[in-house]
Structure formats: structure tokens, C-alpha cells
Visitor: 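One structure, pasted below without further comment.
Throughout, protein chains are lettered first and strands after them, A, B, ... in sequence-line order, and every chain is numbered starting at 1.
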Protein chains: 2
Amino acid sequence: MATAIQTDEEGPVRSPGGSAANPSLRLWLRLLSCTTIAEKRLRRRLAEQFDTTLPRFDVLAALEREPAGLAMSELSQRLLVSNGNVTAVVQQLARLGHVSVSKPEHDRRSSIVSMTDQGRAHFDMVAREHHGWIEQMFAGVRAADRDQLYALLAVVRTSLDQSEEC
Amino acid sequence: MATAIQTDEEGPVRSPGGSAANPSLRLWLRLLSCTTIAEKRLRRRLAEQFDTTLPRFDVLAALEREPAGLAMSELSQRLLVSNGNVTAVVQQLARLGHVSVSKPEHDRRSSIVSMTDQGRAHFDMVAREHHGWIEQMFAGVRAADRDQLYALLAVVRTSLDQSEEC
DNA sequence: CGTTGACGTTTCAAGCTTAAAGTTTTAACC
DNA sequence: GGTTAAAACTTTAAGCTTGAAACGTCAACG
């Protein structure tokens, strides 16, 4: 449950007194509903058209620009998920032949994950479509609005980072 | 894996040619990273401070304003999740005594889910904190920026809805 | 009354996700 | 060389999530 309420202006809210009395909550619900709708659509299409999943796509996207591969913990940090999650998804990708996992000589605790040729072929194909889906979803947003949103979300991001240290 | 890249300006992107060449993709990644960071924080705090989960909170939030309760499929629609998911979460909440499930006389296919007194007491306590967490996360966003973001996200939402019909 | 299609929910298999425990390895220290 | 704490990853249990199949129920129709 991605915590998205179907109609954030009219639906139930997570606070006594309703979201009309709480603009931050309203903003949060709208942010969440936009992201959830887009994400579920991407997930559905990846499954239907390429028989893959968003987490697998994310791992390949992270590896795409790293010919030397990445360590498991580096993947975990970049993708903002737990080590255990990375382990499971990488194992799936290895089973599919899309990545290979090796142990560096200098530190046998580590594992280095690299994209295989097969993985790259798959990723290139999927990424092209993914790219188009994103364009399509944001097609109704004017360039000026898009750029302004981008800037405003940087403010949100800063606010989030600062509030974490409280 | 919530598909959030840690540093969307610098990190790997899901498209050949990089996100710098693709402002919609950059916007998407930033939208996603902001939402993911906030969501994971809420999930973590709900688990640590109240021993509950975001989906359970969502169900209670949906029920909070419905003294007569809601049908399972109504919950599914409002929360934008599958019927199967609602079944599992409601069963957990029933086990905890936070909701009760009854069968209406007029349609024995349906189940009506209502919040119990115990559930309401729990929800009121949690919602108060949740409210404060949201305020804190968005504290660094000026009111004018927040309102503008809210309006711009409505444009995004419309774009998403329109592109679905393609 | 029997048939049939649709409804509403539950069950299922598969994948994702977390936090914590477990295991192996490394490196600092004495 | 032995001890110890930390690193890096894997495993585990628990919860969430989807889409489809299964099941019981409802209502329209002949």
C-alpha cells in the first residue's frame, strides 16, 4: 500500500481535522499520489512487456555506467535499499544471466557485481521504452512548469535532509 | 527498491544518454527520491514508535471518517491497492482488534470493515504524531513554495491521468 | 426453477522490503 | 600470534504487493 489516497482533496486524511487544515499534509498526499500512480504504471509495463521488475531495472541502471562493476554495499547506498534487498535482487539477475558476481582478490568479504553482455542488451532495450514512458507521462507539463517543479523539489529535498538531523 | 537513486543529479540514470539530456527523467527521479525518503522515514518511525505499519495506518485513516465502515473493494479503490492486499492488511488489523469485519444482510458476498474503539484510540494517538512528522519534514519549505508545488503537482496529476488513456 | 455471467472476496505464487542475526573476512592492537 | 571490533554480505522472519485463480453469492433471463 503506497499510502496514496485516491482523491487527496476529498478522501480521508491521516490527521484529525482533515488535510484542508494542514497544507503540508495535503502537499504530501499529492506528492505521494503522483509518484505512486507513475510508479505503478512503470512496474506494470515492465512486467507485461519485458517480464522484469523495477528493482531489477534499477540495479541494471546503476551498473550501466560502471564497466568495472559495483560492490553490493555501493549498490545498496545508491539505490537507498537494504543490503539484504540488494542480495536478493542481484541473485535473481545472476540467475537470469544479466549480471555476474565476482570476488576481488584484495578483499574476499566483498562481491563485485557487473553487467553481462546479455544484461546490457536487455537493459538497453528496456531503458529505451522506459525513457518513452516517462516522456509520455510528463507530456502534459510545460517546460517552464517542469523546470520550476524541479527547482521546488530541491527545496523539499533540502527540508527533508535537514529535518532528519533533528 | 523504491527506484530512488541516491543522488539523482550525479547518479546513474535509467536511460542511455543520461538524465541531463532528459529533463522529464530528471524530474521523475527527483520526485521519486523526495517521496521515497519521506515515506521510508514514516515507515521506520511507525514501526519503531508504534509497532505498526504504513498500510495498516492507511486503512485506519480511510475508516476514520466512516462510522458505518467501508466495503473491502471501497478500501481497495481509495487506497489504490489490490483486493488481495486489502484482505491481508485488514486481517492483520482484525487480529489486533483495531477493526471488525461484518457481513451485510443484503449482500453476503461483501464484507464491511469498521474501526473499533480500540482501533480509534490507537489511530488518534498515531495520527497526531504522523501529523507532526509531516510538518517537520516540510518545515523548510516556505508557504508560497508549498502552495506553488501543490498547484504544479496538479498539472502533473492531470498529465498522468491523460497519458493513461493512450 | 435452472442456467449463466458478473460480483466481491479470499487464496495463491512470486517478488520486494526491512531490520536483525549469522557468517566469513579483515585489520588494528597488544 | 592471538584477540577483538568492524566490515561485507547472506540468511531469516515478517509484512507488503500484485495479478490471477478459486470460491461463494447475486441477479438477470428463459
Visitor: Is the closest basic N to carboxylate O distance between B/Glu39 and B/Arg44 below 4.0 Å?
Guide: no
Visitor: How many angstroms lie between CG in B/Leu42 and NE2 in B/His130, if you round to the nearest 0.5 Å?
Guide: 4.5 Å
Visitor: Measure the distance from CG on B/Leu70 to P on C/dT9 and round it to the nearest whole Å.
Guide: 11 Å
Visitor: So which heavy atom on A/Ser163 is nearest to which on B/Met137, and how close?
Guide: OG-CA, 3.5 Å
Visitor: Would you confirm whether the ring centroid of B/Phe123 sits within less than 6.0 angstrom of the ring centroid of B/Phe57?
Guide: yes
Visitor: Tell me what B/Thr53 touches on the nucleic acid: a base, only sugar-phosphate, or nothing, going by heavy atoms under 4.0 Å.
Guide: sugar-phosphate
Visitor: Pick the closest DNA chain D nucleotide for A/Arg44 and for B/Arg95 by heavy atoms, then say which residue is nearer the 5' end.
Guide: B/Arg95
Visitor: Using a 4.0 Å cut-off on protein heavy atoms (strictly under), produce a 5'-to-3' string for nucleotides 8-13 of chain D with B for base contact, S for backbone-only sugar-phosphate contact, and - for none.
Guide: SBBB--
Visitor: Find every protein N or O atom lying less than 3.5 Å from an N or O atom of nucleotides 3-5 of chain D, and list the pairs.
Guide:
none

Visitor: Whole angstroms only, please: what is the CG-P distance between B/Leu46 and D/dC16?
Guide: 11 Å
Visitor: Whole Å only: how far is the CG atom of B/Asp51 from the C1' atom of C/dA19?
Guide: 13 Å
Visitor: Do side-chain atoms of A/Lys40 reach the backbone of B/Leu80 as a donor and acceptor pair under 3.5 angstrom?
Guide: yes
Visitor: In whole angstroms, how far is the P atom of D/dT18 from the CD atom of A/Glu39?
Guide: 11 Å
Visitor: Going by an N to O cut-off under 4.0 Å, is there a salt bridge joining B/Arg120 and B/Asp117?
Guide: no
Visitor: How close or far is atom P of C/dT18 from atom CG of A/Leu79, stated in whole angstroms?
Guide: 10 Å
Visitor: Quick one: B/Glu48 CD to C/dT18 P, roughly how many Å, whole number?
Guide: 13 Å
Visitor: Could you tell me whether a side-chain N or O of A/Ser159 sits under 3.5 Å from a main-chain N or O of A/Val155, the two making a donor and an acceptor?
Guide: no
Visitor: Round to the nearest Å and state the distance from B/Leu93 atom CG to D/dC16 atom C1'.
Guide: 13 Å
Visitor: Once you round it to whole Å, what is the distance between C1' of C/dC7 and CD of B/Gln77?
Guide: 13 Å
Visitor: Got a sec, which residues hit salt bridge (charged side-chain N to carboxylate O under 4.0 Å, His left out) with B/Arg95, two or more places apart in sequence or on another chain?
Guide: none
Visitor: Taking only side-chain nitrogens and oxygens of B/Arg108, does any of them come within less than 4.0 Å of OP1 or OP2 of D/dC26?
Guide: yes
Visitor: Sub-3.5 Å donor-acceptor pair from the side chain of B/Arg41 to the main-chain atoms of A/Leu160, do we have one?
Guide: yes
